[in-house]
Amino acid sequence: MLPSTYEAKKYEDKIYKIWEDSGFFKADVNSDKEPFTISMPPPNATGVLHLGHAVMLAIEDILIRHRRMKGYEALWLPGTDHAAIATESVVIKNLKNEEGIANPRSLGREKLVKRIAEYVKKSQGTIRSQIRKIGASCDWSREKYTMDQSLNRCVNEVFKKMFNDKLIYKAERVVNWDVSLQTTISDDEVEYIEKESILYTFEYLSAKQTGGEPIFVATSRPETKLGDTALAVHPDDNRYKHLVGQTFDVVWPGGQEIKVTIIADHTVDRKFGTGVVGITPFHSKTDYEMWQRHKDKIKSKPIQVINEDGKITDNVKSYVGMTAEECRNEFVEGLRKEGKLKSEKKYIQQLSISYRSKKPIEPLPKLQWFIDVNKEVVEWNNKKMSLKQIMQEVVRKKEIQIIPDRFEKIYFNWIDNLQDWCISRQIWWGHRIPVWYKENKTYVDIQPPKEQGWEQDTDTLDTWFSSALWTWSTLVDTKLTKDFSISLEDILKNSPEFQKFHPTHVMETGYDIIFFWIARMILMTTYSIKQIPFKTVYLHGLIRTREGKKMSKSDPKTCIDPLNIIEQYGADALRMSMVIGNTPGNDMRLYEEKIRGYRNFTNKLWNASRFVLTILEEKKITNEQPIKQENLSDSDQWILNKLNLTIKTADKNLMEYKISDTGQLLYNFLWNDFCDWYLELSKGPKQNPAVLYHVLKNILILLHPITPYVTEEIWSHLPGQKNMLIKTNYPAPDKREYNGLSTEKIINVITKIRQLRAENKIEPARKIPITIFGHEHLETLKENKSEILRLARVSELTLEEKGEKLSNASTEVVNGIEIFIPLEGLVDTKKEKERLTKEISNLENYLKSLKAKLSNTKFTDNAPAEIVKGEKKKMKEAEEKLEKMKEQLAQF
RNA sequence: GGGCGAUUAGCUCAGUUGGCUAGAGCGCAGCAUUGACGUUGCUGAGGUCAGUGGUUCGACUCCACUAUCGCCCACCA
């Protein structure tokens, strides 16, 4: 006998261990079954589980368990990410704070990397055990880490291939420099915030110099003007047209001397500021590009004003060593003194900050590695394409489907704006760039050169470079990757896992990393192995607080900790609450009452099962019984019919990734159909243990992907089931036809009686006599007399085919069945009369609108026959009901 | 500046090719009847589907515009 409440805590860890030890999570590479693969988005190796992970794990686990039960060879491959910058900066911080090492880099590369690796090893276990807590049925035997040797091999292979195809190149560009982290970051890692700052307008060229009006320039960063090489104006701007092409000498406060050439460029906005832009090629990407376009006309060479530490370089002697901000203040002060400062206006600036450090970005000229996204050298479908074009092609041709599809637009828009991807990082933790230098020679390969004296490039690769290969670099044979004489192509050819499980089927992740990761996977994988990485992209939304705010780790009040929730309510309840009401691409609010509601659901399931198990025990049933058609009552047929429909819909929904709908459907089936009606009806003489067993069994199977723990635990108590639920086959709908129509009517009659009782304030405890005129349903009513007596609390039930309407009775009509509750001593007749009158008037209005509709020839001519038929039926029913109710009213 | 999403009951949300007198859960109100469940049962109240106009026999659903909120993208210095 089960305890009367389900306490998740008692069972979950135990069940997970049995699952894992039994090897049920392991996919068999040699099986003949059709594969179904999900690559788990690897959480940071040093992270802690948060709701974002929890929702990802819940959705993926549901999909995997469903497919596994359906007979697919389901592989869910887990792993962790080395999270280059994030991890390195955490360890550096720890070394500073905990060990007092002021400059951890002074340890040297080898030592620091070792320390980071140790740290990762220690903390990796945390995230692993937390993934288990959710119930994730992933294949731990195939767990990967982005820094594994095999993945490193793939990274190097791809780098080399791209280098040989001239898709990877090294060049000096203005890049996004994160001063606090001391590394470049890619364009996608730059965020914009709105910040109030000051727009300074000052005299750049005097009236004397121009021989007419002086030229003013507006800028929020005056200090960069110390490195200007040009002034840009719009080609059609009549104010400045005559000056284009001329070069002027400018002496800034402090003595810095520069030469600026006036150039004309269409990108200049005549209306902003003074319509003149100072061009500082080395401290602004746009300026750099403009300088490139007009290089040959511009007399002076660009200079770097600000260095990697955000300080003024010795190119500007007067301010050298100052921070940019100090320099700005001094410089503006100098302008003011010289009487050149015209105005200082507050305005809202789009400030670029680093996604990692949240500190401002300093655009700096640097020699870096890039991936060329426009070069058309990639073979795809017998065409030469650029990386951009491939990315567009596979989505446009529906080789990859994105759910929800509106994200396709966002994806295409991103590609349209995409520029070459800066992949080198000046940190030590990560895949080191496989390039070696000696004197002025460069060597690129998957292994260091044999010869002495070569120095490896000091940079590492953007962490997304290795993540971009994740779907397949995790499937290559790790023995083969150690043999450097085998080509990547041959490694892939001879890796059974890769051959069976790639391309993967679903990539499920938050929409916030569509560019960082989804797009990069598509780009890198299609290019490097000529396969798409996945067929479907399922993007879930972010979990928000009840108020719709982002949950932030720093604020425990707004932040729900999944582990804490699991401890209190169980993983199943958490899973359900994250999945029901969560539609792809939309954010969802989560709060404790909601989770509690689903905890109640698990308890409901537990108790319904407890009840059924008691009956089975009583009846000494130790095995699943065949369902015999001839023994089925109408209510048996009713529930079997509903079950069939539920099986069909649930399966269809899951195949279409409609997870929320599936959850809702099963919730209703268990609670409303099975518990509220079928179990209640089973408490009478028509109890059928075989059907109870059958329906419960199927409920457990259907719910298992969503609530794996509670269903598995109950399953272990189901007599005669030898295998674990996790490995049980998903049900196919029963081919037999079931009826169950009388039960539908009986339910309606019982509900109506309950309503009448409640409306007339007849206490539930009080049993009352009732008269029913069944008309053509008399037989059905007779068969179900005991159910009506019991479930509607009726003391005496008079069943007639038809007869004289009872006077002074509360009455209703449902399915043509007339119900009378004699009012003698029970009911306020005046109120009852009012109620009837009101209902009749409602019904009349309803009829009126139906009649109007049906007499409209435009409707009858144009609407589908089915609809018209439906409306006619409605009208007929309403008319019949109206007639009966009018007769009843006449009795008062 | 461009694009996207949201707006349905007090709250959180469903509503799938346009066709049930618009649904659920929670909350609220009233009442409690257990072969299991008070983490329960029964019943009820509560909605001009953001607004305006259009298409249609018919619009929560499609189109246009407006409003409010949110997000993404973009080289306004």
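Letters A, B, ... mirror the listed sequences (proteins, then strands); counts begin at 1.
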Engineer: Starting at the 5' end of RNA chain B, which residue's closest nucleotide do you reach first, N668(A) or W414(A)?
Structural biologist: N668(A)

Engineer: Strictly by Watson-Crick or wobble contacts shorter than 3.5 Å, is anything paired with G47(B), and which nucleotide is it?
Structural biologist: none

Engineer: Could you tell me the separation between the CG atom of L670(A) and the C1' atom of U40(B), rounded to a whole number of Å?
Structural biologist: 13 Å

Engineer: Indicate, yes or no, whether a donor-acceptor pair under 3.5 Å links the base of U39(B) to the side chain of R599(A).
Structural biologist: yes

Engineer: Between K683(A) and D287(A), which residue's closest nucleotide on RNA chain B lies nearer the 5′ terminus?
Structural biologist: K683(A)

Engineer: If we take the C1' atom in both U39(B) and C20(B), what is their distance in whole Å?
Structural biologist: 34 Å

Engineer: Need one value for R793(A): base, sugar-phosphate or nothing, where a base atom within 4.0 Å counts as base even if backbone is also close, heavy atoms only.
Structural biologist: base

Engineer: Under 4.0 Å, heavy atoms only, any strand: does Y569(A) hit a base, just the sugar-phosphate, or nothing?
Structural biologist: nothing

Engineer: Give me the distance, rounded to whole Å, that separates U12(B) from G70(B) when you measure between the P atoms they each carry.
Structural biologist: 15 Å

Engineer: Please say whether more than 12 non-hydrogen atoms of neighbouring residues, nucleotides or ligands are located less than 6.0 Å from CD in Q292(A).
Structural biologist: yes

Engineer: Using a cut-off of strictly less than 4.0 Å, decide whether K604(A) has a side-chain nitrogen or oxygen near OP1 or OP2 of G41(B).
Structural biologist: yes

Engineer: When only distance counts, do a donor and an acceptor, one from the side chain of K658(A) and one from the base of U16(B), lie under 3.5 Å apart?
Structural biologist: yes

Engineer: Does the side-chain ring of F272(A) sit on the six-membered ring of the C76(B) base, less than 5.5 Å centre to centre and under 30° in tilt?
Structural biologist: no

Engineer: Between E593(A) and R596(A), is there a salt bridge with N-O shorter than 4.0 Å?
Structural biologist: no

Engineer: May I ask you to say what T602(A) touches in the nucleic acid, namely base, sugar-phosphate or nothing, with a heavy-atom cut-off under 4.0 Å?
Structural biologist: nothing

Engineer: Report yes if at least one side-chain N or O of N862(A) is closer than 4.0 Å to OP1 or OP2 of C57(B); otherwise report no.
Structural biologist: yes

Engineer: If the cut-off is 4.0 Å, is R610(A) near the phosphate of C37(B), judged by side-chain N/O to OP1 or OP2?
Structural biologist: yes

Engineer: Taking pairing as Watson-Crick or G-U wobble with both contacts under 3.5 Å, can you name the mate of A22(B), or confirm there isn't one?
Structural biologist: none

Engineer: Give one of base, sugar-phosphate or nothing for E547(A), where a contact means two heavy atoms less than 4.0 Å apart.
Structural biologist: nothing

Engineer: Would you state whether a donor and an acceptor, one from the side chain of K285(A) and one from the base of C75(B), lie under 3.5 Å apart?
Structural biologist: no

Engineer: Does a side-chain N or O of R589(A) approach OP1 or OP2 of U12(B) to a distance below 4.0 Å, or not?
Structural biologist: yes

Engineer: OP1 or OP2 of U40(B) less than 4.0 angstrom from a side-chain nitrogen or oxygen of N607(A), does that happen here?
Structural biologist: no

Engineer: Would you mind classifying the nucleic acid contact of D269(A) as base, sugar-phosphate or nothing, using non-hydrogen atoms under 4.0 angstrom?
Structural biologist: base

Engineer: Just call it for T583(A): base, sugar-phosphate, or nothing, with non-hydrogen atoms closer than 4.0 Å on any strand.
Structural biologist: sugar-phosphate

Engineer: Can you establish whether the number of heavy atoms outside K619(A) located under 6.0 Å from its atom NZ is more than 12?
Structural biologist: yes

Engineer: Would you tell me if any nitrogen or oxygen in the side chain of K853(A) comes within less than 4.0 Å of OP1 or OP2 on G58(B)?
Structural biologist: no

Engineer: Would you kindly give the CG-to-C1' distance between L351(A) and A77(B), to the nearest whole Å?
Structural biologist: 14 Å

Engineer: With heavy atoms under 4.0 Å as the rule, sort D676(A) into base, sugar-phosphate or nothing.
Structural biologist: sugar-phosphate

Engineer: With rounding to whole Å, what would you report as the distance between U55(B) and U61(B) at their P atoms?
Structural biologist: 15 Å

Engineer: Expressed as a whole number of Å, how far does the C1' atom of G18(B) sit from that of G25(B)?
Structural biologist: 28 Å

Engineer: Please confirm whether any donor atom in the side chain of E680(A) sits under 3.5 Å from an acceptor in the base of A36(B), or the reverse.
Structural biologist: yes

Engineer: If I pick the C1' atom on C4(B) and the same atom on G10(B), what distance separates them, to the nearest angstrom?
Structural biologist: 30 Å

Engineer: Are any of Q350(A)'s side-chain N or O atoms less than 4.0 Å away from OP1 or OP2 of C76(B)?
Structural biologist: no

Engineer: Quick check on C37(B): is either OP1 or OP2 less than 4.0 Å from any side-chain nitrogen or oxygen of W671(A)?
Structural biologist: no

